[in-house]
There are 4 protein chains.
Amino acid sequence: MLLNLDPRSHIPIWEQLVNQVKELILKEVILPGEKLPSVRELSSVLLINPNTVSKAYQELERQEIIETLRGKGTFVSQTIIPKADEQKIEALRQALKQLVIESSYLGIEKEYFIQWVEQYTKELGGRSNVAESSSDS
Amino acid sequence: MLLNLDPRSHIPIWEQLVNQVKELILKEVILPGEKLPSVRELSSVLLINPNTVSKAYQELERQEIIETLRGKGTFVSQTIIPKADEQKIEALRQALKQLVIESSYLGIEKEYFIQWVEQYTKELGGRSNVAESSSDS
Amino acid sequence: MLLNLDPRSHIPIWEQLVNQVKELILKEVILPGEKLPSVRELSSVLLINPNTVSKAYQELERQEIIETLRGKGTFVSQTIIPKADEQKIEALRQALKQLVIESSYLGIEKEYFIQWVEQYTKELGGRSNVAESSSDS
Amino acid sequence: MLLNLDPRSHIPIWEQLVNQVKELILKEVILPGEKLPSVRELSSVLLINPNTVSKAYQELERQEIIETLRGKGTFVSQTIIPKADEQKIEALRQALKQLVIESSYLGIEKEYFIQWVEQYTKELGGRSNVAESSSDS
DNA sequence: GTGGTCTAGACCACG
DNA sequence: GTGGTCTAGACCACA
C-alpha cells in the first residue's frame with residue numbers, strides 16, 4: 001500500500017485517499033476481493049485520524065468500489081461496474097476543458113497533453129475501459 | 001462578457017471567474033489591452049460580492065494575465081507569455097491523471113477522452129499553444 | 001430452509017435470520033412444533049459465526065416464536081399469539097411513515113405502494129392476520 | 001422547525017435529521033428555496049454536535065434535496081425531482097415486505113395497515129407523488 | 001477484532 | 001457569517 005498523502009494539498013486527505021485507492025485498484029496493486037487495511041491500522045500507518053480514513057472508506061463504499069462486511073473489514077468489490085453517470089461525465093468534461101485551458105497558459109502543446117493521456121491509460125493497465133477500446137494497433 | 005457562474009458548484013466563484021476570463025482571452029473574445037469592467041461594475045452585474053470579483057482579479061494579476069493601472073482600471077496584458085512553471089505542470093499532470101482514472105470508472109473510452117481534448121483545443125482557436133503544435137504560424 | 005443472507009446488507013446478519021425465519025413460519029414452510037437446526041449445524045451450513053445464529057435464536061425466543069427445550073433443541077412454538085405491543089406498533093407506524101416518505105422521493109405512486117402491500121400479504125398466505133381481516137376463520 | 005430527535009433510537013441522529021427534514025419538505029413546512037438553520041445554530045438548538053448536523057446536511061445535499069451555497073448557508077432545492085433509483089426501490093420493497101411480516105406478528109389487519117398508508121400520504125399533502133396519482137375520488 | 005457514531009474543539013476557505 | 005476538514009478520544013453493535 002504505497003499511499004502518499006500531502007497534508008498541504010488543497011484536496012482533502014480523505015479525497016486523496018479515495019483517489020489513490022481507485023488508482024491502485026485500476027493498476028491491480030489491490031485486487032478484487034482483497035481486504036483493505038482496517039481503519040485503525042491505516043490511520044496509524046498514515047499518521048492520520050481514524051475518522052479521516054473512515055470517511056474515505058465510506059465514500060469508496062458509496063461509489064460501490066469497496067464493500068464493508070460488518071465486523072470483518074472492508075474489501076474491494078468483486079465486480080466494479082463502470083456506470084456512466086451523465087452528471088459526472090459532464091463534470092469531468094468541464095474539468096478536462098479547464099485543464100486544456102491551463103495547458104495553453106503553461107505553454108504545453110497538444111501533442112504532449114495527449115501523450116500524457118496515453119501514458120496514464122497505459123499505466124492503468126490494459127484492463128480499464130479507458131486503456132483500450134481498439135483491438136490492436 | 002458572457003460569464004455564467006454557478007453558485008451551486010463546488011468550485012469557488014472567484015475561481016470560476018478566473019477560469020472563464022482565461023478562456024475568453026484564449027478565444028479572443030477579450031483582446032489584449034482591452035479594459036475589463038471595474039470590480040464594482042462586474043460584481044453588481046453578476047450579483048456577487050465585490051470581494052469575490054476582487055479576489056479573482058488579484059489572482060489573474062498574479063498570473064500576469066491582467067494588469068491594474070492605478071486609477072485607470074484593469075486591462076488584459078498585451079503579452080501573455082506561456083511560462084512553463086514546473087510545479088504547475090506537475091500539478092496539471094496529476095489532475096490529468098486523476099481525470100483518466102475517473103474516466104475509467106465512468107466507462108469512458110480513451111478515444112472519446114482524446115477526442116474531447118481535440119475538440120476543446122479547437123474551440124480555443126488556433127492561437128493557443130495547445131491548439132497548434134504545427135511548426136509555423 | 002431456504003435462507004439467503006446478504007453479508008453486504010446493512011441489516012445485521014442475525015436480524016436477517018430472524019426476519020427470514022419469521023417469514024418462513026408465516027408461509028408455513030416451517031410448521032409449529034417443527035425442530036429447527038442446531039446453532040452449530042445452521043452456522044456451518046450458512047458459513048457464518050455460531051454466535052450470530054445464537055443471537056438470532058435468542059431474539060426469536062424472546063419474541064416467543066421459538067422455544068428451546070434443554071438438550072432437545074429449538075422448536076417453533078405451537079401457538080404464536082399475535083401480541084399487540086403498543087410500543088412495537090408505534091415503531092412500525094413510524095417505519096411505515098418513513099417508507100411512505102421515501103416512496104414520494106423515489107416517485108412511487110400510492111397505488112403501487114398499496115399494491116405491493118396486497119401482494120406481500122397474499123404471499124404470506126391466508127393464515128396471517130394481515131392477510132385476512134375477514135371476520136371469521 | 002419542529003425536530004424531535006431520540007438519542008436512544010438505534011437510528012443515528014444524523015439519519016433522523018435527514019428523515020425529518022425530508023418529511024418537513026414534503027409537508028411544505030419548509031419551502032423550496034428556503035434557508036435552513038446554519039449548522040452551528042441547529043446544533044446548539046438541538047444540543048448535538050455540529051459535526052452531526054453537518055453529516056445530515058451533507059447527506060441531504062448528496063440526495064439533491066438541499067443545496068449549499070458556500071459562505072451563505074444551505075437551502076432547500078428549488079426543484080426536487082423524484083428519481084426512480086431501481087436499487088433504492090428494491091430496498092424499499094424489501095423493507096415494506098418486512099413491515100407486513102411484522103404486522104402479522106403484531107396482529108395488525110391489512111385494512112389498518114393500508115389505512116395508515118392512506119393517512120400518511122394525506123399528511124404529506126396532495127403534492128407528493130405518493131399522495132395522489134388518481135385525479136379525484 | 002471490525003466499522004459506525006458521536007462529542008469536543010480547532011482551523012480553514014469562501015463570500 | 002457560512003460550511004468543510006481534521007484531530008482526539010470515547011462508546012457501541014457486529015461477528
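Throughout, a chain's letter reflects where its sequence line sits, starting with A, and its residues are numbered from 1.
- Nucleotides of DNA chain F nearest to A/Asn49 and C/Asn51 differ in position, and the one nearer the 5' end is that of A/Asn49.
- The stretch residues 67-77 of chain A comes close to DNA chain F through A/Arg70, A/Gly71, A/Lys72, each having a heavy atom under 4.0 Å from the strand.
- Among the atoms of the strands shown, only primed sugar atoms or phosphate atoms (P, OP1, OP2) are found under 4.0 Å from some heavy atom of B/Ile13.
- Salt bridge status for A/Glu59 with A/Lys55: absent, with no side-chain N to carboxylate O gap under 4.0 Å.
- In this structure, C/Trp14 atom CH2 and F/dC12 atom C1' are separated by 14 Å, rounded to whole Å.
- Of the possible polar contacts, none joining the D/Thr74 side chain to the D/Glu67 backbone as a donor-acceptor pair under 3.5 Å is found.
- A pairwise comparison of heavy atoms in A/Trp14 and A/Ala56 identifies O-CB, 3.4 Å as the closest pair.
- Among all heavy-atom pairs drawn from A/Ser104 and B/Leu26, the shortest one is OG-CD2, 3.3 Å.
- At distances below 3.5 Å, not a single donor-acceptor pair connects side-chain atoms of B/Glu34 with backbone N or O atoms of B/Phe75.
- For the pair A/Lys83 and A/Asp85, the salt-bridge criterion is not met [side-chain N within less than 4.0 Å of a carboxylate O].
- A salt bridge links C/Lys22 to D/Glu102: one of the charged nitrogens lies within less than 4.0 Å of a carboxylate oxygen.
- Between the side chain of B/Ser77 and the backbone N or O of B/Glu64, at least one donor-acceptor pair lies under 3.5 Å.
- Mapping D/Arg40 and D/Lys55 onto DNA chain E by nearest heavy atom places D/Lys55 closer to the 5' end of the strand.
- For the side chain to side chain donor-acceptor pair (under 3.5 Å) test with C/Asn19, the passing option among D/Gln94, D/Gln98, D/Lys97 is D/Gln98; the others fail.
- Listed for the B/Ser9 side chain is a donor-acceptor partner under 3.5 Å among the backbone atoms of B/Ile11.
- With a heavy-atom cut-off of 4.0 Å to chain A, the contacted part of DNA chain E has its first and last nucleotide at E/dG1 to E/dC6.
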- Item | DNA chain F base-pair string [pairs: Watson-Crick or G-U under 3.5 Å; |: paired with another strand] | ||||||||||||||.
